[in-house]
Number of protein chains: 2
Amino acid sequence: MAVPSSISVPPTASPLFLRENEVRRGVELLFFGYTRLTRAIDEGLAEHGLGRAHHRALYFIARQPDLPISALLKILAITKQSLGRVLTDLSDRGLVETRAGDVDRRQKLLRLTPEGIQFEAQLFDALRNSLATAYAAAGQESVTGFWRVLEGLIPAEDKAMVVALQKDI
Amino acid sequence: MAVPSSISVPPTASPLFLRENEVRRGVELLFFGYTRLTRAIDEGLAEHGLGRAHHRALYFIARQPDLPISALLKILAITKQSLGRVLTDLSDRGLVETRAGDVDRRQKLLRLTPEGIQFEAQLFDALRNSLATAYAAAGQESVTGFWRVLEGLIPAEDKAMVVALQKDI
DNA sequence: AAGATGGGACAGCCATATTGACGTATCTTG
DNA sequence: CAAGATACGTCAATATGGCTGTCCCATCTT
């Protein structure tokens, strides 16, 4: 079938008018790559009766300890109510604790407990195994390209947030 | 905070023992890149009262017309019941049609209607805009690396399926 | 004729997200 | 100091997209 969104452009066309197959390849690899990577941690989460939403919170709290709730809300881009449930679950299991902000006492700063740190590390190991294998198979140059393309997918208004995450490592 | 899953390895260590920051960067870019890309199509879907699950089905049916249901189930890796609901919605809206398989008449071969073709193309345009911008900003070499790393994330047992998708473009 | 396979359908459940409204503590500013 | 903005919590209702288990029918295979 000739997929109708195909655009016939000569090779000299603007680089913004990519041939359809290059775009479809990216869409599909992103879909399969992302879903398969997340599956790597499902088992560990299920042992604690948790889901992927809990892992996302755990991950970013591990990444930026003393993260205020408002910052986590921006990162995850979900509603306060949705996050509230997730944080309640994590607190009940003793994986996350909060304390009042020192400069602004309305804030609650999130932090992993020692158990939370250990659990997040265990989940992270699964992610590392998957990504390390892919990185090694692709080579360092490819890894750089991988990062560059993904950075281009992040809208300008979110980019500062992602950069802030990565600057202290 | 010293995230405890960090492993201290000298630069000469095995490439499988990547430094933590390289792995975290990949995890985060994949998360933000994937979620932001999928957001590009939400508006178009909402206009028809559809969600992302519907788009995934539409996408792969567009990609491989006359796809049997069993093949779509393998691609999406969801249950027959979950897919059934999605396909019912798409049929009710006149976007997808089925016909009996010629070699095996138990099979139902899925295909987009002309309206479905047009709608999928419209959604695909949003994806193309996002990806084309990212590709152009990163450059062709980076795109190749992007593909290579993502391919490495797909488990061996799924790789044939993805390759099959991409060989006829 | 028996069994395997492709697909459909019913019932019920769970996880994760949403919106809207309201409450409380704390900070900021006129 | 009073007024308003902000950070967070919470209640209620709803939607989406998954899941399991079970049973059914048509068709293909042996």
Side-chain angles (χ1 to χ4, degrees), chain A residues 31 34-35 38-39 41-61 66-93 96-111, chain B residues 31 34-35 38-39 41-61 66-93 96-111:
Chain A
F31 170 69
Y34 182 78
T35 60
T38 58
R39 251 174 239 177
I41 55 172
D42 284 350
E43 198 178 323
L45 286 165
E47 285 170 17
H48 290 245
L50 300 174
R52 286 177 195 170
H54 302 94
H55 176 250
R56 290 196 285 273
L58 270 179
Y59 180 95
F60 287 108
I61 296 169
D66 288 334
L67 191 72
I69 290 196
S70 57
L72 187 52
L73 281 173
K74 273 180 202 151
I75 290 172
L76 297 176
I78 59 176
T79 59
K80 202 170 39 161
Q81 292 76 0
S82 299
L83 180 57
R85 230 174 344 152
V86 168
L87 291 180
T88 300
D89 292 343
L90 294 176
S91 293
D92 289 352
R93 284 168 175 76
V96 162
E97 62 192 4
T98 63
R99 62 183 187 84
D102 13 59
V103 26
D104 185 340
R105 282 187 315 182
R106 292 171 304 177
Q107 288 188 328
K108 282 195 174 177
L109 307 184
L110 296 161
R111 183 177 268 281
Chain B
F31 170 69
Y34 182 78
T35 60
T38 58
R39 253 173 238 177
I41 54 172
D42 283 350
E43 199 178 322
L45 285 164
E47 285 170 18
H48 290 246
L50 300 174
R52 287 178 194 168
H54 301 95
H55 176 250
R56 289 197 285 273
L58 269 180
Y59 180 94
F60 287 109
I61 296 169
D66 288 335
L67 191 70
I69 291 197
S70 57
L72 187 52
L73 281 174
K74 273 180 201 152
I75 289 172
L76 298 176
I78 58 176
T79 58
K80 202 168 43 160
Q81 292 77 1
S82 299
L83 180 58
R85 244 180 332 181
V86 168
L87 291 180
T88 300
D89 292 343
L90 294 175
S91 293
D92 289 352
R93 284 167 176 75
V96 162
E97 63 192 3
T98 63
R99 63 182 186 83
D102 12 60
V103 25
D104 184 339
R105 283 188 313 184
R106 291 171 305 177
Q107 288 188 326
K108 282 194 173 178
L109 305 183
L110 296 160
R111 186 176 267 280

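These figures come from a predicted structure and were not determined experimentally. Just so it is clear: chains get the letters A, B, ... in the order the sequence lines come, proteins before strands, and each one is counted from 1.
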Determine the contact category for A/Thr79: base if any of its heavy atoms lies under 4.0 Å from a base atom, sugar-phosphate if only primed atoms, P, OP1 or OP2 are that close, otherwise nothing. base

By the 4.0 Å heavy-atom rule, please label B/Gly51 as base, sugar-phosphate, or nothing. sugar-phosphate

Which is more 5' along DNA chain C, the nucleotide nearest A/Arg52 or the one nearest B/Pro68? Just name the residue. B/Pro68

Please name the residue in the list B/Arg106, B/Arg99, B/Arg105 that meets the salt bridge (Lys or Arg N to Asp or Glu O under 4.0 Å) test with B/Asp102. B/Arg99

Can you measure B/Ile78 atom CD1 to C/dG8 atom P for me and round it to whole angstrom units? 13 Å

Between B/His54 and D/dT16, does any side-chain N or O lie under 4.0 Å from OP1 or OP2? no

Rounding to an integer number of Å, can you tell me how far A/Asp42 CG sits from C/dT16 P? 10 Å

Return the orientation label for the B/Tyr34 and A/Tyr34 ring planes: parallel under 30°, perpendicular over 60°, tilted otherwise. parallel

Could you list, one pair per line, each protein nitrogen or oxygen that sits under 3.5 Å from a nitrogen or oxygen of nucleotides 9-12 of chain C, together with the distance?
| residue | atom | partner | partner atom | Å |
| --- | --- | --- | --- | --- |
| C/dA9 | N6 | B/Gln81 | NE2 | 2.9 |

Between D/dT20 (C1') and B/Leu83 (CG): distance, integer Å: 17 Å

If you compare all heavy atoms of A/Asp42 against all heavy atoms of A/Thr38, which two are closest, and at what distance to 0.1 Å? OD1-O, 3.4 Å

To the side chain of B/Arg106, which of D/dT27, D/dG17, C/dC27 is closest? D/dT27

Heavy atoms only: give me the nearest B/Arg39-B/Arg52 pair and the separation to one decimal. CG-NH2, 3.9 Å

How sharply is the helix from C/dA1-D/dT30 to C/dG30-D/dC1 bent, taking the axes over five pairs at either end and rounding to 10 degrees? 30°

Could you state the atom-to-atom distance from CD of B/Gln107 to P of C/dG7 in whole Å? 5 Å

Identify whether any heavy atom of B/Ser70 sits under 4.0 Å from a base atom; if not, whether one sits that close to sugar-phosphate; answer base, sugar-phosphate or nothing. sugar-phosphate

When the nearest nucleotide of DNA chain D is assigned to A/Leu109 and to B/Arg105 on a heavy-atom basis, which residue is associated with the more 5' position? A/Leu109

Once you round it to whole Å, what is the distance between P of D/dT16 and CD1 of B/Ile41? 15 Å

So, A/Arg56 side chain and A/Leu76 main chain: donor-acceptor pair closer than 3.5 Å or not? no

Short side-chain N/O contact to C/dA17 OP1/OP2 from A/Arg56, under 4.0 Å: yes

A/Leu72 CG - D/dC8 P separation (whole Å): 10 Å

Looking at A/Ser91 and A/Thr88, would you say the former's side chain and the latter's main chain have a donor-acceptor pair under 3.5 Å? no

C/dT29 P sits how many Å from A/Asp104 CG, rounded? 12 Å

Where is the tightest heavy-atom contact between A/Asp66 and A/Leu109, given as atom of each residue plus distance? O-CD2, 3.5 Å

Separation of A/Lys74 atom NZ from D/dC8 atom C1', in whole Å? 14 Å

In short, A/Leu90 meets A/Ala57 closest at the heavy-atom pair CD1-CB, 4.0 Å

For A/Phe31 and B/Ile75, work out which heavy atoms get closest and say how close. CE2-O, 4.1 Å

Quick check: closest heavy atoms across B/Leu50 and B/Asp89, and the distance to 0.1 Å? CD2-CB, 4.5 Å

Between B/Ser82 and D/dC19, does any side-chain N or O lie under 4.0 Å from OP1 or OP2? yes

